[in-house]
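So the structure is just underneath, and the comments pick up after that.
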Amino acid sequence: MSMNAALAERFGQIAEMLELLGMDKFKVIAHQKAARIIEALPNDLGPIAKAGDKKALMELDGIGPKIADKIVEFAVTGKISEHEELRAQVPAGLAQLMKIPGLGPKTARLLWQDRGVTDIAGLKKIIDEGSILTVPRMGAKTVENMKASLAFIEKGQERLPLGLAMPAAELFAARMLKVKGVKKAAFAGSLRRGKDTIGDIDILVSTTDPAAAAEAFRKMPEVEQVLVSGESKSSVRARVSTSSRMVKEEGDDETKGAAATGGGALVQVDLKMVPDASWGAAMMYFTGSKEHNVSLRERALKQKMTLNEYGLFPNDKEPTSPQSRGIKPVASATEEEVYAKLGLPYIPPEIREDRGEFDLKETPRLIELDDIKAELHAHTVASDGSMSILELAQGAKTRAFHTIAITDHSKSQFQANGLKADRLAEHCKAIRAAQKEIKGITLLTGSEVDILADGSLDYPDEVLDQLDVVVASPHAALFQKPEPATARLIKAIESGKVNILGHPTGRLINRRAGLSPDMEKVIAAAKANDVALEINAHWMRLDLRDTHVYAAVKAGCLIAIDCDVHTADDFDNLRYGVLTGRRGWLTPEQCINCWPAKRLHAWLKKESRG
DNA sequence: GCCGTTTTCGGCCCGACTGTTTTCAGTCG
């Protein structure tokens, strides 16, 4: 585990334990915030912390003198004394208790101090005995809900990958649009912000008939449990497909798919209903992030206004909500006008993370799907792809790309039928021959060459020199420690033979953590050597991840967004790569796939590479 | 514990829903 991850984990635990002890909630929030900030940092805090550079640490938003001290203490001793002391007081199993939906810190504390419950097993015991009913505020219904939530978390609830959640959310929204009275329907939440995984699916509708919308929502075939159902919101647990292709093919046919088979993943889906005049304010509220919204509301208060999901209102400091008293909002119908009245440019959803977006003077021109004009990472049947060279070229041409690079695996990927040098030479001939058969798109010869554990490349220089494009990627030895991983990637970057560093960490979402190199150093090396860092657009990879893209973009490093095409459907993953790029504030200028053919081809031929 | 376009002290977003309650606490997003 990297130093940052270990620190974030400890601050998260400190926050949890303080909460369980009923300590000051703002101290809790401060530690939660510190954990979140540190988790998202691209660079390793180790060197700064070991040097005792408190001042540098305190420059980070949310890190003050006390937390800086704790970071230094951890870097030097490997421990945080406050963390150790709290652990001696609070049973470790209580954290698990708080992960049960509906069971928060107050209840966990009550169960612990009143009944001696210290973990989930203890909770189950008093549920079975029935003695839980004598705990204050514990009635039969609460216990029933608790049992359902226990069953839910025992199935192991992973966050749902973007590529599975988005097709499902589009299906739900499309259905809601057909319900009587519904004027608009869209998904919001972390899904709209393009996060790589999501905890639940948020659907917003504007409607004149909330009761009809709620009923249609609860009766959808995927719904297995209704959690909440009120006048303006409903929450359910629904089963969604875990085969991304199926949802697309399924369309709006409600009889097939996950709901019928019982497969798939169980996910919480929230429906929020608002009048159409509140659409913009509601979209902002429901899109988040929470941190972004808190900042917006604080900003509103400073301007003598108050912001909620119904609109931006003058702040008359009355205790009841302005909309309930018929006060007319200053802005509410569109997100643009709400931002404008707060003195802000429109902020794209993907960057609403309270990470500098409030300093923007105008809306940044972030990359869009249609900006992408080239695919530079694709496999054919020569290694582990399912398409021929011509089929691949045709697929790229259909998407109006001007260029596609054929980059099959190198020899060490024997399980993927990687090409030895002689086969690669033949393959390049075949690519050049295919070029003669298809017009309107440029075919480039290339390889996805393995970066071996020591950082050397899987082909000798003279082989790489023959190729138009070299994508270098780590595939094996993905459990390396951060230091050798950093050296490995930098050695590949500095080889002078590489155009693009492919899926730099090798992570697989929910399955494999991959490498944890010092990304700040990798980014600096890539910038210095004019190597582009890839955002692999496959939803199981999204590697670089958003925070790495953000750091790379700030450093002026070039980015490639590629689908790593193996089958025809893989081209459709591009939108996830673009969303990840947008989360990193990526502009088309900094993304080589957006460049005109001439500029891209000239860049690939740069002299430093062969 | 953090932070400053009122502030270095005194704040720190806002509303919906549920279940258990006789008016509200706890949880969630």
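Letters A, B, ... mirror the listed sequences (proteins, then strands); counts begin at 1. Note: hydrogens, waters and symmetry copies are ignored here, and every other heavy atom, side chains too, is used.
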Exercise. According to a strict under-4.0 Å criterion, is A:N293 in side-chain N/O contact with OP1 or OP2 of B:dC13?
Worked result: no

Seminar exercise, completed: Closest to the 5' end of DNA chain B, once A:M58 and A:E298 are matched to their nearest nucleotides, is A:M58

Exercise. Should A:S321 be listed as having a side-chain N or O under 4.0 Å from OP1 or OP2 of B:dC14?
Worked result: no

For this session: Considering only NZ, NE, NH1 and NH2 on the basic side and carboxylate oxygens on the acidic side, decide whether A:E154 and A:K124 come within less than 4.0 Å.
Result: yes

Exercise. Is there any salt bridge (charged side-chain N to carboxylate O under 4.0 Å, His left out) pair reaching into residues 37-60 of chain A, and which pairs are they, with sequence neighbours excluded?
Worked result: A:K54-A:D69

For this session: Name every residue in residues 61-82 of chain A that has at least one heavy atom under 4.0 Å from any atom of DNA chain B, in order of residue number, or write none if there are no such residues.
Result: A:D61, A:G62, A:I63, A:G64, A:P65, A:K66, A:I67, A:K70, A:E82

Exercise. Roughly how many Å is it from CG in A:D354 to C1' in B:dC2, rounded to a whole number?
Worked result: 13 Å

For this session: Using ring pair (Phe, Tyr, Trp, His ring centres under 6.0 Å) as the criterion, list what pairs up with A:F358, not counting sequence neighbours.
Result: A:H292

Exercise. Is a donor on one side and an acceptor on the other found under 3.5 Å between the side chain of A:Q303 and the backbone of A:A300?
Worked result: no

Exercise. Distance between the C1' atoms of B:dT21 and B:dG26, in whole angstroms?
Worked result: 13 Å

For this session: Check whether NZ of the Lys or CZ of the Arg A:R583 lies under 6.0 Å from the centre of the six-membered ring of A:Y550 and within 45 degrees of that ring's axis.
Result: no

For this session: State whether the aromatic ring of A:F26 stacks on the base of B:dC2, taking stacking to mean ring centres under 5.5 Å apart and ring planes under 30° to each other.
Result: no

Problem set entry | Pairwise C1' distance, B:dT8 and B:dC3 [rounded to whole Å] | 9 Å

For this session: Within residues 210-218 of chain A, find the residues that approach DNA chain B with a heavy atom at under 4.0 Å, and present them sorted by residue number.
Result: none

Exercise. Considering the options A:E170, A:E350, A:E368, which one meets the salt bridge (Lys or Arg N to Asp or Glu O under 4.0 Å) requirement together with A:R575?
Worked result: A:E170

Exercise. Between A:E231 (CD) and B:dT18 (C1'), how many Å, whole number?
Worked result: 14 Å

For this session: Take atom P in B:dC28 and the same atom in B:dT23, then report the distance between them in whole Å.
Result: 26 Å

For this session: May I ask you to decide if A:R87's main-chain N or O and A:Q89's side chain share a donor-acceptor pair within less than 3.5 Å?
Result: no

Problem set entry | B:dC12 and B:dT7, which share atom name P, separated by this distance in whole Å | 16 Å

Exercise. Just how far, in rounded Å, is P of B:dG1 from NZ of A:K27?
Worked result: 3 Å

For this session: Run through A:K290, A:R193, A:R36, A:K195 and flag the one making a side chain to side chain donor-acceptor pair (under 3.5 Å) with A:E353.
Result: A:R193

Problem set entry | Note: A:R352-A:E357 ion pair, threshold 4.0 Å (strictly below) | no

Exercise. Do A:F313 and A:N308 come within less than 4.5 Å of each other through their side chains, counting heavy atoms only?
Worked result: yes

Exercise. Just checking A:L301: base, sugar-phosphate only, or nothing, at a heavy-atom cut-off of under 4.0 Å?
Worked result: sugar-phosphate

Problem set entry | Inter-nucleotide P distance (B:dG19, B:dC9), Å rounded | 47 Å

Exercise. In whole angstrom, what separates A:H31's NE2 from B:dC3's C1'?
Worked result: 16 Å

Problem set entry | Anti or syn - B:dT6, cut at 90° from 0 | anti

For this session: Indicate yes or no: does A:E298 engage A:K302 in a salt bridge with an N to O separation below 4.0 Å.
Result: no

Exercise. Mapping A:L227 and A:L307 to their closest nucleotides on DNA chain B, which lands nearer the 5' end?
Worked result: A:L307

For this session: Side-chain contact test, heavy atoms from C-beta onward, threshold under 4.5 Å: evaluate it for A:I71 versus A:I63 and give yes or no.
Result: yes

Exercise. When you compare B:dC13 with B:dG29, how far apart are their C1' atoms, in angstrom units rounded to a whole number?
Worked result: 12 Å

For this session: Would you mind building the protein contact string for nucleotides 19-29 of chain B? One character per nucleotide, 5' to 3', B for base within reach (heavy atoms under 4.0 Å), S for sugar-phosphate only, - for untouched.
Result: BS----BSSSB

Exercise. What is the distance from CE of A:M23 to C1' of B:dG1, rounded to the nearest Å?
Worked result: 12 Å

For this session: Could you tell me the separation between the NZ atom of A:K25 and the C1' atom of B:dC12, rounded to a whole number of Å?
Result: 9 Å

Exercise. For atom C1', what is the distance between B:dT20 and B:dT27, given to the nearest Å?
Worked result: 14 Å

Problem set entry | Strand partner of B:dT8, provided both Watson-Crick or wobble distances fall under 3.5 Å | none

Problem set entry | A:L133: partners by side-chain contact (heavy atoms from CB on, under 4.5 Å), with sequence neighbours left out | A:V143

Problem set entry | Rounded distance (Å) that lies between atom P of B:dG15 and atom CD1 of A:I327 | 13 Å

Exercise. Touch check for A:S235, heavy atoms < 4.0 angstrom, all strands: base, sugar-phosphate only, or nothing?
Worked result: nothing

Exercise. Is A:S295 touching bases, backbone alone, or none of the nucleic acid, heavy atoms closer than 4.0 Å?
Worked result: nothing

Exercise. How long is the line joining CD1 of A:I37 and P of B:dG1, in whole Å?
Worked result: 17 Å

Problem set entry | Residues A:E222, A:R239: salt bridge by 4.0 Å N-O rule | no

Exercise. Which whole number of Å gives the distance between the P atom of B:dA16 and that of B:dG11?
Worked result: 26 Å

